[in-house]
Structures are given as structure tokens and as C-alpha cells.
Amino acid sequence: MEKTSKIYIAGHRGMVGSAIMRQLEANGHTNIITRTSSELDLRNQQAVQDFFESEQPDYVFLAAAKVGGIHANNTFRAEFLYDNLMIEANIIHAAHLAGVKKLMFLGSSCIYPKMAPQPLKEEYLLTGPLEQTNEPYAIAKIAGIKLCESYRDQYGSNFISVMPTNLYGYNDNYDLQNSHVLPALIRKIHEAKDNGAPTVTVWGTGSPKREFLFADDLAAACVYLMENYDGRELVNIGTGEDVSIKELALLIKDVIGYEGELEFDTTKPDGTPRKLMDVSKLHGLGFKHKIELREGIALAYADFKEKYVTA
Ligand SMILES: NC(=O)C1=CN([C@@H]2O[C@H](COP(=O)(O)OP(=O)(O)OC[C@H]3O[C@@H](n4cnc5c(N)ncnc54)[C@H](OP(=O)(O)O)[C@@H]3O)[C@@H](O)[C@H]2O)C=CC1
Ligand SMILES: C[C@H]1O[C@H](OP(=O)(O)OP(=O)(O)OC[C@H]2O[C@@H](n3cnc4c(=O)[nH]c(N)nc43)[C@H](O)[C@@H]2O)C(O)[C@@H](O)C1=O
């Protein structure tokens with residue numbers, strides 16, 4: 001990418017899109033274009049085609065999606081499938097029509113089979129049944145990957161797909177029902193400390209394991225791969241290390257300084273037992289994350305306090 005290349009970030013106000021924007025700006029890119037969802041509803045095919053035809057971006061980061069944690073995925077099953085299929089089909093097809101030089105599609109570690117061997121290698125895709133709570137979202141993401149592969153196979157389009165692990169960071173969603181576990185526990189534990197509550201409720205058994213990557217590390221990886229990777233195969237993006245949900249809750253308790261107890265609500269689903277990424281391909285390509293979990297939680301907590309508690 002040249003510093004003056006026209007780069008469209010779809011989803012620039014989200015946690016990932018905003019981190020990609022910071023990374024590109026830090027690298028000196030000066031021609032970044034964006035639209036909010038109210039300016040351009042990416043589910044609208046004609047609007048997306050008109051936008052690509054008039055703007056003619058050189059590069060596209062596809063970080064717009066309907067996103068949420070285990071409860072949101074399981075509850076809004078229709079929107080997680082429909083919105084995500086429409087957004088990615090519209091953007092990828094319009095990028096093809098407009099002759100975009102390169103596009104990056106963001107998948108997710110939840111697209112791998114629920115009981116796949118660990119760590120998850122890229123080639124395990126489509127080798128077994130999916131986790132039930134996020135099957136619609138995973139099916140949509142798999143369709144996005146297949147769109148990128150198919151436009152590459154048929155038209156030679158340089159469309160690449162990356163698979164981020166569970167993410168957290170600045171501009172995360174702290175909704176108690178619809179967020180992911182890490183921001184949800186930051187908020188719950190912060191509020192319990194503030195209110196002097198003796199316990200905090202953690203969903204599920206606490207035994208599932210998850211890998212967490214700070215969104216700015218993901219953004220750095222995305223920009224790095226946009227500049228250095230042109231392959232057809234997926235690339236996992238993660239840290240290669242995971243913790244149980246109980247260990248995560250204890251770590252967040254420690255960072256926040258809360259001394260109450262954890263209670264586990266086993267009426268809530270655990271989801272996939274484990275989804276640890278094999279990141280050997282990413283490391284082989286020359287990229288490694290920088291921010292470790294405790295440091296990242298402290299950064300996210302400071303952001304939470306500034307934006308949500310103060311507001
Ligand atoms: N968060 C995570 O743990 C993980 C995320 N990912 C992937 O990373 C990407 C970004 O996720 P994240 O940043 O967390 O999500 P966010 O919810 O923070 O941001 C999503 C963005 O998508 C935009 N968007 C959603 N629907 C539409 C629409 N109909 N039209 C236009 N824009 C729309 C929103 O725009 P606006 O703000 O303008 O409304 C928003 O900025 C997604 O592809 C997601 O699947 C992958 C693995 C894990
Ligand atoms: C990124 C990824 O995110 C989703 O998958 P997930 O990893 O299962 O998501 P999660 O972060 O919401 O939960 C992780 C674990 O944590 C437990 N848990 C405890 N207490 C809370 C809690 O308070 N909130 C939430 N949300 N979970 C909690 C929860 O029960 C589960 O065992 C996707 O749907 C999927 O589509 C996707 O891409």
C-alpha cells in the first residue's frame with residue numbers, strides 16, 4: 001500500500017475498525033475513507049455498489065459485521081446470519097466490480113468445528129459440526145471466506161481472509177447481555193466493587209478456555225498481512241495462549257482490585273469448550289502480538305472508566 005492509496009475501512013467506528021484506522025494513521029496513510037452505518041447500510045446492495053463505483057477504493061478492510069457474545073449470537077440468530085451474509089456479499093462483489101487491488105475479510109475463530117483438535121490449524125475449517133450457539137454467524141463467516149476464495153479462483157482477485165481469536169480493547173461493547181465475556185466481566189466486577197457487592201455472577205461453569213488478543217495487536221497484524229500476504233489460505237491471528245473463564249475472571253478481579261467472590265450460573269451456556277489458535281503460520285510470516293493479557297485488561301479497563309463510567 002502506498003501512503004496515498006485510497007483505503008476503505010468498513011466498520012471504522014467499531015472496536016476493530018477503529019484500531020485499524022489508528023494503525024494506518026500511525027503508519028502515515030493519508031487517504032482513508034469511511035462511512036457510518038447510517039450513511040451507508042452495507043446490507044443494501046445498490047447503495048454499496050454506488051459507493052464503490054463513485055469512490056473506487058484501492059484497498060478494503062472488511063471489519064463491518066453484526067457482532068456479539070454468546071447470548072447475542074444465540075438470540076439474534078436471523079440477524080447474525082442475514083446481516084453478515086449481506087454485508088460481506090455486497091462488499092466483496094462490489095470490490096470485484098470496482099477492481100479493488102486487495103481486500104481483507106475478517107472471519108473469527110468460532111468458524112472452526114466445535115470439537116476440532118487444539119490448537120486450531122487453518123486446515124481444520126469445514127472438518128466437523130459447528131458450535132450450536134453461533135452456527136448462523138459461523139455459517140455467514142464461512143460464506144465470506146468462500147466468496148474471497150471463489151473470486152480469487154475465478155477472477156484472480158487478491159482477496160485474503162484472516163481469522164481473529166476473541167478480541168477486546170478500546171471501543172469495546174460493554175452491554176451486559178450482548179457483549180463478549182471480557183468486557184462483560186470488566187463491567188460486572190467494576191460495578192460490584194463500586195456497590196460493595198459480595199459476589200459477581202459469571203455465566204457457565206467457568207471451565208471453557210478462550211484466547212484473548214488486544215484489538216490494537218489484531219489491527220497491527222491486519223495491516224502487516226495486507227502488506228505482506230497474498231495467499232489463498234486463511235491466516236489465524238491470536239496469541240497462541242489461552243485461559244479458562246474462571247482464570248480470566250480472577251485476573252480481572254485482581255486488575256480492578258475487587259475482593260468479593262465469583263458465582264457461576266450454570267443455567268447459561270458454556271459454548272465451545274476451547275478454541276486456541278495455532279499461530280505458527282502468522283509467526284512464520286513475521287508477525288507476533290505485543291500486548292499480554294494483564295496489560296491489555298488494564299488498558300481496556302482504563303478506557304471503560306473514561307468512556308462509560310465518566311459518561
Ligand atoms: N470482537 C471480537 O471478539 C471479534 C471480532 N471479529 C470480527 O472483527 C470484525 C469487527 O468486529 P468488532 O469491531 O468487534 O465489532 P463492532 O460491533 O465493534 O463494530 C462493528 C462495526 O460494523 C458496522 N456495521 C454493522 N452493521 C452494519 C451495516 N448494516 N452497515 C454498515 N456498517 C455496519 C458498525 O458501524 P456503525 O458503528 O457505523 O454502526 C460497527 O462500526 C467483525 O468482522 C467481527 O466478526 C472476529 C473475531 C472476534
Ligand atoms: C468472539 C466469539 O464470541 C462468541 O463466542 P464465545 O467465545 O463463546 O463468546 P463470549 O465471549 O460471549 O463467551 C465466552 C465464554 O464466557 C462465558 N461467560 C461468563 N460470563 C460471561 C458474561 O458475563 N458475558 C458473556 N458474554 N460471556 C460470559 C460464556 O458463557 C462463554 O463460556 C461468539 O458467539 C462467536 O461468534 C465469536 O466470534
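Just so you know, ligand 1 is whichever comes first in the structure, and atom 1 is the first atom listed for that ligand. The shown structure was predicted, so the numbers you read here are calculated from the model rather than taken from an experiment.
Nearest residue to atom 7 (C) of ligand 1 from Pro183, Ser108, Gly107 is Gly107 (criterion: closest heavy atom). If you check each of Asn171, Asn166, Asp41 against atom 28 (C) of ligand 1, the one with the closest non-hydrogen atom is Asp41.
Residue contacts with ligand 1: Ala65 is placed with a nitrogen or oxygen under 3.5 Å of a nitrogen or oxygen of the ligand (distance criterion only). For ligand 1, the polar-atom distance check against Val67 finds no nitrogen or oxygen pair separated by under 3.5 Å.
Within the 4.0 Å heavy-atom criterion, the part of Tyr137 lying near ligand 1 is the side chain and not the backbone.
Contact atoms of ligand 1 toward Thr36: 38 (O) (distance under 4.0 Å to a heavy atom of the residue). Those atoms of ligand 1 that come under 4.0 Å of a heavy atom in Ile87, given as number and element, are 26 (N), 27 (C), 28 (C), 29 (N).
Counting only heavy atoms of the protein, atom 38 (O) of ligand 2 lies nearest to Ser108 OG, 2.7 Å. Scanning all protein heavy atoms for the shortest distance to atom 9 (O) of ligand 2 gives Ile70 N, 3.8 Å.
Under the 30°/60° scheme for interplanar angles, the aromatic rings of Tyr8 and Phe52 are found to stand perpendicular.
Residue contact annotation: Asn166 has a non-hydrogen atom under 4.0 Å from ligand 2. Contact annotation: Lys188 has at least one heavy atom less than 4.0 Å from an atom of ligand 2. Ligand 2 lies nowhere less than 4.0 angstrom from a heavy atom belonging to His71. For the ligand labelled ligand 2, residue Lys275 lies inside the 4.0 Å heavy-atom shell.
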